[in-house]
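Each remark here refers to the structure printed beneath this line.
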Protein chains: 2
Amino acid sequence: MPAPIEIGQGEDPRVVLGRVVHQQRIRLGISQEDLADQVGLDRTYVSGIERGIRNPTLLVLLRLAQALGVPAGRLLEEKTGSAGPQLTSA
Amino acid sequence: MPAPIEIGQGEDPRVVLGRVVHQQRIRLGISQEDLADQVGLDRTYVSGIERGIRNPTLLVLLRLAQALGVPAGRLLEEKTGSAGPQLTSA
DNA sequence: TTGTGACTGCTAGTCCGTT
DNA sequence: TAACGGACTAGCAGTCACA
């Protein structure tokens, strides 16, 4: 049972970022290691980001956005979740 | 820094960020010191960001965006430049 | 009012592993 | 496949004196 994705605004930005990264990665159907490889980061570091315990830099955020195929700003906004783009089939 | 992974953009993202921060700050008509004070950062650190020699973290970027009164994503996009940024003058 | 070099403390980010 | 930990190095956060 996948935890219901809630959107908190006073929430820790690192956790929010982690959720977005996770969602986008799953959407691409790739593993943390695959993503880490594409971004040029360590696999454990990507894991930390998704868990919201890391505080990545501007450069890393940008590379992450690129690898995930989303606009950089997307990583800081979290527009997904409720009434999300159900992403038909695939 | 690990594998650079060229970002088609060309220009250094730090410089781009610096330009956006500078523009927004000027738009607010405040000094670097005023901004630094609002963000809770040192004056010289803000200076470094505007000059594009700093690589701030997620948390710093967010505080900066808040103080500048712009959505966080705005700092990573640079929609300014050409076509008028239709900012509904306050 | 801002730019700059140098500095210290801490963490961003890596690499090894186990669960 | 991913969470999690320890130990490590590179680099950022944050500050200062001075231009």
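Remember, predicted model here, so these are calculated numbers, not experimental data. Residue numbers begin at 1 in each chain, while the letters A, B, ... track the order of the sequences.
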Return no unless some side-chain N or O of R63(B) is found under 4.0 Å from OP1 or OP2 of dG14(D).
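Result: yes.
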
Distance in Å, [X] [atom1] paired with [Y] [atom2], rounded so as to fall on 0.5 Å steps:
{"X": "Q32(A)", "Y": "R43(A)", "atom1": "CD", "atom2": "CZ", "answer": "9.0 Å"}
{"X": "I49(A)", "Y": "R54(A)", "atom1": "CD1", "atom2": "CZ", "answer": "8.0 Å"}
{"X": "Q23(A)", "Y": "R74(A)", "atom1": "CD", "atom2": "CZ", "answer": "8.0 Å"}

Atom [atom1] of [X] to atom [atom2] of [N]: distance rounded to whole Å?
{"X": "L61(A)", "N": "dA12(C)", "atom1": "CG", "atom2": "P", "value": "11 Å"}
{"X": "H22(B)", "N": "dT2(C)", "atom1": "NE2", "atom2": "C1'", "value": "11 Å"}
{"X": "D34(A)", "N": "dA2(D)", "atom1": "CG", "atom2": "C1'", "value": "13 Å"}
{"X": "L35(B)", "N": "dT2(C)", "atom1": "CG", "atom2": "P", "value": "10 Å"}
{"X": "L59(A)", "N": "dG13(C)", "atom1": "CG", "atom2": "P", "value": "9 Å"}
{"X": "L64(B)", "N": "dG14(D)", "atom1": "CG", "atom2": "C1'", "value": "14 Å"}
{"X": "Q32(A)", "N": "dC15(C)", "atom1": "CD", "atom2": "C1'", "value": "16 Å"}
{"X": "I30(A)", "N": "dA2(D)", "atom1": "CD1", "atom2": "P", "value": "9 Å"}

Residues forming a side chain to side chain donor-acceptor pair (under 3.5 Å) with R51(A), sequence neighbours excluded:
S47(A)

Could you pull out the closest heavy-atom pair between L76(B) and L76(A), with the gap in Å?
CD1-CD1, 3.5 Å

Closest heavy-atom contact between L17(B) and L75(B)?
CD1-O, 3.5 Å

So does L58(B) get a backbone contact from the side chain of N55(A), meaning a donor-acceptor N/O pair under 3.5 Å?
yes

Can you list everything that forms a side-chain contact (heavy atoms from CB on, under 4.5 Å) with I30(B)? Sequence neighbours excluded, please.
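Here the qualifying residues are R25(B), L28(B), D34(B), L35(B), Q38(B).
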
Under the side-chain contact (heavy atoms from CB on, under 4.5 Å) rule, collect the residues that match up with D37(B), sequence neighbours excluded.
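Here no residue qualifies.
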
Identify the pairs formed between an N or O of the protein and an N or O of nucleotides 16-19 of chain C at a distance under 3.5 Å, and give each distance.
unit_1, atom_1, unit_2, atom_2, d
dG17(C), O6, R43(A), NH2, 2.4

Students should find that the end-to-end axis angle of the helix from dT2(C)-dA19(D) to dT19(C)-dA2(D), with five pairs defining each axis and rounding to 10 degrees, is 40°

Heavy atoms under 4.0 Å, any strand shown: does R25(B) hit a base, just sugar-phosphate, or nothing?
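Here R25(B) touches the backbone only, sparing every base.
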
Among residues at least two apart in sequence or on other chains, which ones pass salt bridge (Lys or Arg N to Asp or Glu O under 4.0 Å) with D12(B)?
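With sequence neighbours excluded, D12(B) shows a salt bridge (Lys or Arg N to Asp or Glu O under 4.0 Å) to R14(B), given in chain and number order.
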
N/O donor-acceptor pairs under 3.5 Å from side chains in residues 63-73 of chain B, not counting sequence neighbours:
unit_1, atom_1, unit_2, atom_2, d
R63(B), NH1, V39(B), O, 3.3

Short of 4.0 Å, heavy atom to strand atom, which residues of residues 46-56 of chain A count as contacting DNA chain D?
S47(A), R51(A)

